[in-house]
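This report refers to the structure that appears directly beneath it.
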Amino acid sequence: QVQLVESGGGLVQAGGSLRLSCAASGRTFNRYTMGWFRQAPGKEREFVAAISWSGGSTYYADSVKGRFTISRDNAKYTVYLQMNSLKPEDTAVYYCAANNNYLIYTDYVRYDYWGQGTQVTVSS
């Protein structure tokens, strides 16, 4: 069982940056592939980025590629999402998620554990 707690959301102007963190409980954190998803009002949850258990592989949605960076620190049981050049269309609740299959998935149904989410609002 893994418990996930996101932090770092907030209000930022377009072009600005935010860094989201997701702190995990449990000593098996380094066995999990971690992902970030987001959900805007009235829209489906969408994949943002994912990172393998070792941090050696990452994958991004086309909409954030080149602007967002996912990373993890297994010693601190934490995964990060650095978001630069933010746009109003990035406004959403951001969730981190974990799956224990050692594979990177973009489909949210493949993830076993979820945090409560953190709101990111980008003003124009």
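Note that the structure is a prediction, hence the values are computed from the model and not measured.
- Classification of the Phe68-Tyr94 ring pair by plane angle, with boundaries at 30° and 60°, yields tilted.
- Side chain of Gln116 to backbone of Glu6: no donor-acceptor contact under 3.5 angstrom is found.
- By the 4.5 Å heavy-atom criterion applied to side chains, Leu4 and Met34 are counted as neighbours.
- Distance check, rounded to the nearest 0.5 Å: CD of Gln39 to CD of Glu46 gives 9.5 Å.
- For the pair Asp112 (side chain) and Asn100 (backbone), a donor-acceptor distance under 3.5 Å is present.
- Under a 3.5 Å cut-off, the side chain of Thr33 and the backbone N or O of Leu103 do form a donor-acceptor pair.
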Considering only distance and modelled atom types, tabulate donor-acceptor pairs under 3.5 Å from the side chains of residues 70-82, sequence neighbours left out.
unit_1: Arg72; atom_1: NE; unit_2: Asn74; atom_2: OD1; d: 2.8
unit_1: Arg72; atom_1: NH1; unit_2: Tyr32; atom_2: O; d: 2.7
unit_1: Arg72; atom_1: NH1; unit_2: Ser52; atom_2: O; d: 2.8
unit_1: Arg72; atom_1: NH2; unit_2: Phe29; atom_2: O; d: 3.0
unit_1: Arg72; atom_1: NH2; unit_2: Tyr32; atom_2: O; d: 3.1
unit_1: Arg72; atom_1: NH2; unit_2: Asn74; atom_2: OD1; d: 3.3
unit_1: Asp73; atom_1: OD1; unit_2: Ala75; atom_2: N; d: 3.1
unit_1: Asp73; atom_1: OD1; unit_2: Lys76; atom_2: N; d: 3.3
unit_1: Asn74; atom_1: ND2; unit_2: Trp53; atom_2: O; d: 3.1
unit_1: Thr78; atom_1: OG1; unit_2: Lys76; atom_2: O; d: 2.8
unit_1: Gln82; atom_1: NE2; unit_2: Asn84; atom_2: OD1; d: 2.9

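- In this structure, CZ on Arg67 lies 6.5 Å from CG on Leu86, to the nearest 0.5 angstrom.
- The backbone N or O of Tyr105 lies less than 3.5 Å from a partner atom in the side chain of Tyr111, making a donor-acceptor pair.
- Interatomic distance, Ser54 OG to Asn30 CG, rounded to the nearest 0.5 Å: 10.0 Å.
- Taking each heavy atom of Ser124 and Ala14 in turn, the nearest pair found is CA-CB, 4.4 Å.
- Side-chain contact between Arg38 and Val64 is present, with at least one heavy-atom pair separated by less than 4.5 Å.
- Other residues, nucleotides and ligands contribute more than 12 heavy atoms inside 6.0 Å of the OH atom of Tyr113.
- Looking at Met83 and Trp36, their side chains never come closer than 4.5 Å, going by heavy atoms from C-beta outward.
- The cluster map of Ile, Leu, Val, Met, Phe, Trp and Tyr, joined by side-chain heavy atoms under 4.5 Å apart, puts Val48 and Tyr95 in different clusters.
- Annotation for Lys65: atom NZ counts as buried by contact number, over 12 foreign heavy atoms lying within 6.0 Å.
- Atom OG1 of residue Thr91 and atom CD of residue Gln119 lie 7.5 Å apart, to the nearest 0.5 angstrom.
- A distance of 9.0 Å separates CZ in Phe47 from OH in Tyr60, rounded to the nearest 0.5 Å.
- Under 4.0 Å is where a charged nitrogen must lie from a carboxylate oxygen, and between Lys87 and Asp90 no such pair does.
- With hydrogens and angles ignored, the 3.5 Å screen pairs a side-chain donor or acceptor of Asn99 with a backbone N or O of Asn101.
- Taking all atoms of both residues into account, the shortest heavy-atom contact from Val2 to Ser25 is CG1-O, 3.8 Å.
- Arg31 pairs by the salt bridge (Lys or Arg N to Asp or Glu O under 4.0 Å) definition with nothing, not counting sequence neighbours.
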